[in-house]
Amino acid sequence: MAHCLGPVLLLLLLILGEHLPPPLDPEPWPSVLLLRGSYEGLPPPPPGSASSAGGNRCVDAAEACSANALCQRLRTKYVAQCLGQVAHGSCPRSRCHRALRRFFSLGPQALTHALLFCPCTSPACSERRRQTFVPACAFSGPGHEPPSCLAALDACEKSLVCRPRLLAFQASCASTPSSQDGCLRDQGPHCLRAYAGLVGTAITPNYVDNASARVAPWCDCRASGNRHEECEAFRGLFTRNRCLDGAIQSFDSQWPSILQDQLDSHHNPGQRLLQVSSADRPLEGSSLQSILPVLALQSLL
């Protein structure tokens with residue numbers, strides 16, 4: 001009798017498994033985790049609310065990443081590293097940054113960028129976007145006052161990982177007088193890729209609030225002395241960069257196709273998430289050509 005029950009129970013489990021709901025997003029609001037100590041007891045958002053998948057595109061991006069084995073695995077690793085002891089005012093920042101660099105270097109670009117640049121129309125969505133990579137550890141740190149941007153810049157220039165990525169960002173997001181709007185055609189994807197490459201370095205940028213899409217490193221120029229102009233020029237690469245702002249805004253218009261590509265990839269696993277187009281080719285005549293080989297060597301450091 002026991003021999004007969006085994007196959008029957010296995011069949012019942014398989015049938016029931018097809019109707020089970022998908023697993024919950026493993027990283028819903030790191031800030032809530034820090035306040036409460038766990039995710040237990042958090043009620044799911046009601047359908048159609050500002051924080052549900054229907055009204056919060058950052059939730060959509062998280063679910064799309066969770067549905068992709070590679071994206072989910074890399075994301076789980078950086079969340080585990082970046083949370084660390086952050087609730088006690090410290091974190092393993094070097095390991096956190098390394099895990100973040102691996103996520104943006106090895107993860108499917110369509111999905112990693114969807115998490116980083118998900119378009120928002122509400123403070124709840126914007127706050128989730130700001131919390132994408134556990135900023136209490138990876139971005140701002142335990143202090144309340146931001147350090148000098150010159151300290152971050154000097155640290156980046158001495159780093160074999162950060163320096164080539166900063167050069168790539170400058171080249172990819174630079175404005176040009178030859179264009180009507182000041183930015184090269186098809187520049188957006190290169191700019192966003194270079195920006196994402198800075199996450200996990202000494203000058204890791206992030207959204208500065210939950211009311212806009214403004215980005216900047218965690219630093220200021222109040223104590224820059226006779227290097228104030230240099231400090232403001234560096235910070236302006238993020239706060240006064242029309243090409244970076246335009247690239248983030250342009251990403252909004254691509255959003256429906258990003259999720260559709262993810263759905264299509266489940267039906268056709270061999271299909272790439274993003275097809276190669278003219279926008280994916282290196283910028284001609286740009287100093288970025290000499291930087292890309294260095295980035296390839298440094299991407300996993």
Side-chain angles (χ1 to χ4, degrees), residues 20-45 51 53 56-118 124-143 155 159 161-162 165 193 195-207 210 215 217-218 262 273 298-301:
L20 290 176
L24 294 176
D25 174 20
E27 185 203 355
W29 296 90
S31 56
V32 174
L33 173 65
L34 302 183
L35 291 173
R36 300 194 182 186
S38 71
Y39 297 131
E40 296 178 2
L42 293 179
S51 59
N56 189 324
R57 290 184 174 180
C58 290
V59 175
D60 296 340
E63 291 180 348
C65 179
S66 298
N68 179 278
L70 177 60
C71 186
Q72 171 67 355
R73 182 168 65 252
L74 292 170
R75 182 165 174 252
T76 300
K77 287 182 178 179
Y78 88 66
V79 169
Q81 292 289 352
C82 295
L83 284 176
Q85 300 297 317
V86 72
H88 304 289
S90 63
C91 75
R93 178 160 296 190
S94 60
R95 295 199 299 271
C96 169
H97 278 178
R98 178 184 170 91
L100 280 168
R101 295 197 301 271
R102 288 178 62 85
F103 175 74
F104 287 105
S105 295
L106 303 179
Q109 183 177 296
L111 299 181
T112 60
H113 283 197
L115 279 169
L116 191 58
F117 304 112
C118 45
C125 176
S126 297
E127 178 64 12
R128 185 184 181 97
R129 179 174 61 185
R130 193 181 69 83
Q131 296 283 350
T132 294
F133 48 77
V134 194
C137 178
F139 173 65
S140 59
S159 169
V161 174
C162 184
R165 292 167 184 252
R193 188 159 55 243
Y195 174 90
L198 290 175
V199 176
T201 70
I203 55 173
T204 297
N206 195 19
Y207 298 94
N210 62 6
V215 297
W218 176 250
Q262 170 64 15
L273 287 172
Q298 298 294 340
S299 62
L300 300 182
L301 293 179

Q: Which heavy atom in A136 sits nearest to a heavy atom in S140, and how many Å separate them?
A: CA-OG, 3.8 Å
Q: Can you tell me how far apart OG1 (T112) and CZ (R193) are? Round to the nearest 0.5 Å.
A: 10.5 Å
Q: Between Y207 and T132, is a side-chain contact (heavy atoms from CB on, under 4.5 Å) present by the stated rule, with each step listed?
A: CA-CA 10 Å; Y207 298 94; T132 294; 5.8 Å; no
Q: Would R165 and S159 satisfy side-chain contact (heavy atoms from CB on, under 4.5 Å), going step by step from the backbone distance to the final call?
A: CA-CA 10 Å; R165 292 167 184 252; S159 169; over 6 Å; no
Q: Mind telling me whether F117 and Y195 have parallel, tilted or perpendicular rings, with 30° and 60° as the class edges?
A: tilted
Q: Is any side-chain heavy atom of H97 closer than 4.5 Å to a side-chain heavy atom of T201?
A: no
Q: Got a second to check how far L100's CG is from K77's NZ, nearest 0.5 Å?
A: 13.5 Å
Q: State whether the SG distance for the cysteine pair C71/C65 is less than 2.5 Å.
A: yes
Q: What's the verdict on side-chain contact (heavy atoms from CB on, under 4.5 Å) for W218 and N206, showing C-alpha distance, side-chain angles and the deciding distance?
A: CA-CA 8 Å; W218 176 250; N206 195 19; over 6 Å; no
Q: So do the side chains of F103 and V199 get within less than 4.5 Å of each other, counting heavy atoms only?
A: no
Q: Would you say the side chain of H113 lies within less than 4.5 Å of the side chain of C118, judging by non-hydrogen atoms?
A: no
Q: For a quick test of reading the model, state the closest non-hydrogen atom pair linking L106 to L70 and the distance between them.
A: O-CD2, 3.4 Å
Q: Could you tell me the separation between the CD atom of E63 and the CG atom of N56, rounded to the nearest 0.5 Å?
A: 9.5 Å
Q: So do the side chains of L74 and F104 get within less than 4.5 Å of each other, counting heavy atoms only?
A: no
Q: Please examine the side chains of S126 and R129, heavy atoms only from C-beta on, and report whether any two atoms are closer than 4.5 Å.
A: yes
Q: Are Q81 and R98 packed together at the side-chain level, in the sense that at least one heavy-atom pair is separated by less than 4.5 angstrom?
A: no
Q: For P217 and F139, work out which heavy atoms get closest and say how close.
A: C-CE1, 3.7 Å
Q: Could you tell me whether the SG atom of C82 lies less than 2.5 angstrom from the SG atom of C137?
A: no
Q: State, to 0.1 Å, how close C58 and L115 come at their nearest heavy-atom pair, and which atoms those are.
A: O-CD2, 4.5 Å
Q: Is there a side-chain contact between C96 and V134 in this structure, where contact means two heavy atoms from C-beta onward sitting under 4.5 Å apart?
A: no
